[in-house]
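Heads up, the thing below is written out as structure tokens.
Per chain, numbering begins at 1; letters A, B, ... match sequence-line order. Hydrogens, waters and symmetry mates play no part in the numbers below; they use all other heavy atoms, side chains included.
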Protein chains: 2
Amino acid sequence: MSFSYQFPRPALTVDCVFFGLDNEGLMVLLIKRGLDPFRGRWALPGGFVHIDETVDEAARRELREETGLQRVFLEQLYTLGDLDRDPRERVVTIGYYALINLHDHRLKAASDAANAAWFDIVDLPRLAFDHDAIIEMALKRLKSKVRYCPIGFELLPRKFTLSQLQRMYETVLARPLDKRNFRKKVLQLDMLEELDEVEQDVAHRAARLYRFNEAKYVKATEQGFNFEI
Amino acid sequence: MSFSYQFPRPALTVDCVFFGLDNEGLMVLLIKRGLDPFRGRWALPGGFVHIDETVDEAARRELREETGLQRVFLEQLYTLGDLDRDPRERVVTIGYYALINLHDHRLKAASDAANAAWFDIVDLPRLAFDHDAIIEMALKRLKSKVRYCPIGFELLPRKFTLSQLQRMYETVLARPLDKRNFRKKVLQLDMLEELDEVEQDVAHRAARLYRFNEAKYVKATEQGFNFEI
DNA sequence: TCAAAAGTGTTGAGCGTACACCCATGC
DNA sequence: GCATGGGTGTACGCTCAACACTTTTGA
């Protein structure tokens with residue numbers, strides 16, 4: 001079976017930058033290509049947009065197939081449509097990025113295939129296609145958006161310490177923040193819920209746990225909001 | 001002649017929001033559709049992405065065809081890929097927006113077709129497809145970007161008064177700004193060149209003319225930059 | 001001389017930034 | 001008792017926001 005059109009059409013794909021955070025730093029999930037072109041090179045998870053799914057659904061399908069996850073922050077980034085992106089034929093791709101909480105999830109990719117692995121964003125291998133450009137755009141978007149939207153929490157466990165939160169911002173923004181100023185700012189935004197729990201199994205004084213509170217955030221938003229610390 | 005593929009492919013189009021500024025307010029160029037679907041409805045300029053042009057080139061081609069212009073600010077916005085955007089078949093469209101200086105240009109669309117017209121952004125007719133959503137996204141992007149990038153100048157003549165500049169910001173942001181604070185802020189950013197000219201043919205004291213200075217701007221950028229007035 | 005818009009400074013409040021020490025806990 | 005990170009307050013400078021009158025010009 002084949003499908004015919006009066007004019008030639010580019011193929012349409014999605015490519016996804018899945019960000020995760022661990023003790024090493026900010027990580028990106030890559031897939032080792034088994035086929036030409038770029039056989040053996042690392043690449044972003046991605047694939048064709050099916051005719052019966054929206055482009056958002058195509059990105060979510062990639063997410064599910066590669067990580068087993070469904071309900072994570074996922075956002076469209078940019079569409080790349082240069083002529084020679086793919087040496088085989090004309091392919092236009094829609095870039096997406098997602099934020100994954102590596103702490104609370106046991107990921108399919110981690111246990112599963114030898115052809116998928118997490119790489120530190122500051123030490124990426126050579127990539128297939130123009131995927132380096134997509135990752136660069138995703139990182140730029142993340143860096144800017146994390147400062148005025150509460151999306152950084154998606155990278156943390158549901159309950160976290162203020163130090164974990166600060167480390168997350170420092171890792172994403174790639175610069176150190178002042179502890180006292182950070183805590184002052186983040187608490188006065190009044191979007192965190194202080195829990196009656198402390199962290200467990202640490203070899204020093206246990207830190208208090210907090211949780212992001214959506215309702216409090218919505219209120220705080222009305223007064224303006226940013227992390228320009 | 002026809003083109004066959006193993007799997008069905010969505011059609012790929014671009015749709016463009018061309019913004020212009022006149023004394024009435026912020027305007028958008030629309031085209032009256034001559035064919036079904038939505039015959040007689042107003043729609044954004046747009047069309048298919050050709051197989052031998054990038055998506056940016058497709059958007060620039062639309063710009064040229066509808067306005068006769070070439071060198072204007074044009075930027076990709078978002079890709080819309082829902083299943084039923086177009087009642088005929090699956091069409092994925094890449095939204096663009098551009099800023100057009102209505103003062104310095106005699107536009108093709110203005111003189112030309114009865115099927116093209118500029119509409120005030122606050123008083124748009126019913127639109128074809130999901131073009132209202134594209135315009136909404138374009139306006140949101142413009143409002144936010146104009147505050148931290150010097151793109152607002154694209155809507156003004158090359159030489160302008162500070163009052164014109166302020167009116168431009170007030171129109172785009174849809175809120176009044178304080179005259180003294182505005183002038184202080186914009187002058188201290190040190191990206192305007194004060195000219196030895198004043199406006200002509202006005203029935204009151206003539207205002208001094210200024211010009212945006214790219215080189216000064218680049219310097220100013222390094223110290224941070226925004227219009228949060 | 002009148003109408004219309006140009007042009008111009010000061011003050012108070014809030015926010016960002018810099019900075020250092022004591023405390024609680026587990027080993 | 002010591003190593004490790006948790007937790008806390010103050011002071012200065014800058015930017016934002018509010019606010020009203022005089023000047024210039026053409027009609």
Side-chain angles (χ1 to χ4, degrees), chain A residues 22-23 103 144 146-148 156-157 159-171 173-211 220-229, chain B residues 23 144 146-148 156-157 159-171 173-211 220-229:
Chain A
D22 71 9
N23 298 327
H103 306 78
S144 106
V146 85
R147 286 171 66 176
Y148 64 92
L156 293 177
K159 302 173 179 183
F160 49 82
T161 68
L162 293 184
S163 290
Q164 279 180 291
L165 187 64
Q166 182 177 341
R167 266 195 300 280
M168 181 274 289
Y169 279 105
E170 289 178 330
T171 305
L173 299 175
R175 65 187 164 91
L177 300 174
D178 178 84
K179 182 160 67 160
R180 276 174 293 188
N181 293 338
F182 178 80
R183 291 159 108 89
K184 207 189 318 166
K185 180 70 187 274
V186 87
L187 290 176
Q188 99 190 7
L189 285 172
D190 193 36
M191 56 176 187
L192 297 185
E193 191 178 333
E194 185 175 328
L195 302 176
D196 287 328
E197 294 175 67
V198 293
E199 58 181 343
Q200 301 297 318
D201 303 318
V202 286
H204 52 79
R205 176 175 174 183
R208 178 173 294 277
L209 291 173
Y210 292 80
R211 190 199 295 159
T221 304
E222 289 154 18
Q223 279 109 63
F225 177 100
N226 74 57
F227 279 104
E228 312 219 5
I229 296 181
Chain B
N23 298 328
S144 104
V146 84
R147 288 172 64 175
Y148 63 92
L156 294 177
K159 301 173 180 182
F160 49 83
T161 68
L162 293 185
S163 291
Q164 279 181 291
L165 187 63
Q166 181 177 343
R167 266 195 300 280
M168 182 275 289
Y169 279 105
E170 289 178 328
T171 306
L173 299 176
R175 65 186 163 91
L177 300 174
D178 178 86
K179 182 160 68 160
R180 276 175 292 186
N181 292 338
F182 178 80
R183 291 160 107 90
K184 207 189 317 166
K185 181 69 187 276
V186 86
L187 289 176
Q188 99 189 7
L189 284 173
D190 194 35
M191 56 177 187
L192 296 185
E193 192 178 334
E194 186 175 327
L195 302 176
D196 287 328
E197 293 175 67
V198 294
E199 56 181 345
Q200 302 296 319
D201 303 319
V202 286
H204 54 79
R205 177 174 174 182
R208 179 173 293 278
L209 291 172
Y210 291 81
R211 188 199 297 160
T221 305
E222 288 153 20
Q223 279 110 65
F225 177 100
N226 73 57
F227 278 105
E228 313 220 5
I229 295 180

Self-check item: Electrostatic pair Glu194(A):Arg208(A) at N-O distance under 4.0 angstrom
Solution: yes

Practice problem: Using only side-chain N and O atoms of Lys185(B), determine if any of them is under 4.0 Å from OP1 or OP2 of dC16(D). | Solution: yes

Quiz item: With respect to the phosphate group of dA5(C), does any side-chain polar atom (N or O) of Ser163(B) fall under 4.0 Å of OP1 or OP2?
Solution: no

Quiz prompt | Spacing of Leu165(B) atom CG relative to dA6(C) atom C1', expressed in whole Å | solution = 15 Å

Quiz item: Taking the side chain as C-beta and beyond, is there a heavy-atom pair between Leu162(B) and Tyr210(B) under 4.5 Å?
Solution: yes

Quiz item: Between the base of dT10(C) and the side chain of Lys184(B), is there a donor-acceptor distance below 3.5 Å?
Solution: yes

Practice problem: Hey, which sits more toward the 5' end of DNA chain C by its nearest nucleotide, Gln188(A) or Ala206(A)? | Solution: Gln188(A)

Practice problem: In whole angstrom, give the distance that lies between atom CG of Asn181(B) and atom P of dT10(C). | Solution: 14 Å

Exercise. Let me know the distance between CZ of Phe182(A) and C1' of dG7(D), rounded to the nearest Å.
Key: 14 Å

Quiz item: Out of curiosity, Arg167(B) CZ to Phe182(B) CZ, how far, rounded to the nearest 0.5 Å?
Solution: 10.5 Å

Quiz item: Which sits closer to the 5' end of DNA chain D, Asp178(B) or Glu199(A), going by the nucleotide each is nearest to?
Solution: Glu199(A)

Quiz item: What's the closest nucleotide to the Ala207(A) side chain, out of dG6(D), dA20(C), dG9(C)?
Solution: dG6(D)

Exercise. Check whether any side-chain N or O of Arg183(A) sits under 4.0 Å from OP1 or OP2 of dG7(D), and answer yes or no.
Key: yes

Practice problem: Please state how far atom CZ in Arg180(A) lies from atom C1' in dT17(C), giving the value in whole angstrom units. | Solution: 11 Å

Quiz item: Looking at side-chain heavy atoms only, is the closest gap between His103(A) and Lys159(A) below 4.5 Å?
Solution: no

Quiz item: Atom OG1 in Thr171(A), atom CG in Asp22(A): separation rounded to 0.5 Å?
Solution: 9.5 Å

Quiz item: Between dA5(C) atom P and Gln200(B) atom CD, what is the distance in whole Å?
Solution: 18 Å

Quiz item: Roughly how many Å is it from CG in Leu162(B) to P in dT24(D), rounded to a whole number?
Solution: 18 Å

Quiz item: What's the CD-C1' distance between Glu194(B) and dT8(C), to the nearest Å?
Solution: 14 Å

Quiz item: Closest to the His204(A) side chain: dG7(C), dA27(D), dT25(C)?
Solution: dT25(C)

Quiz item: Expressed in angstrom and rounded to an integer, what is the separation of Arg175(B) atom CZ from dC16(D) atom C1'?
Solution: 12 Å

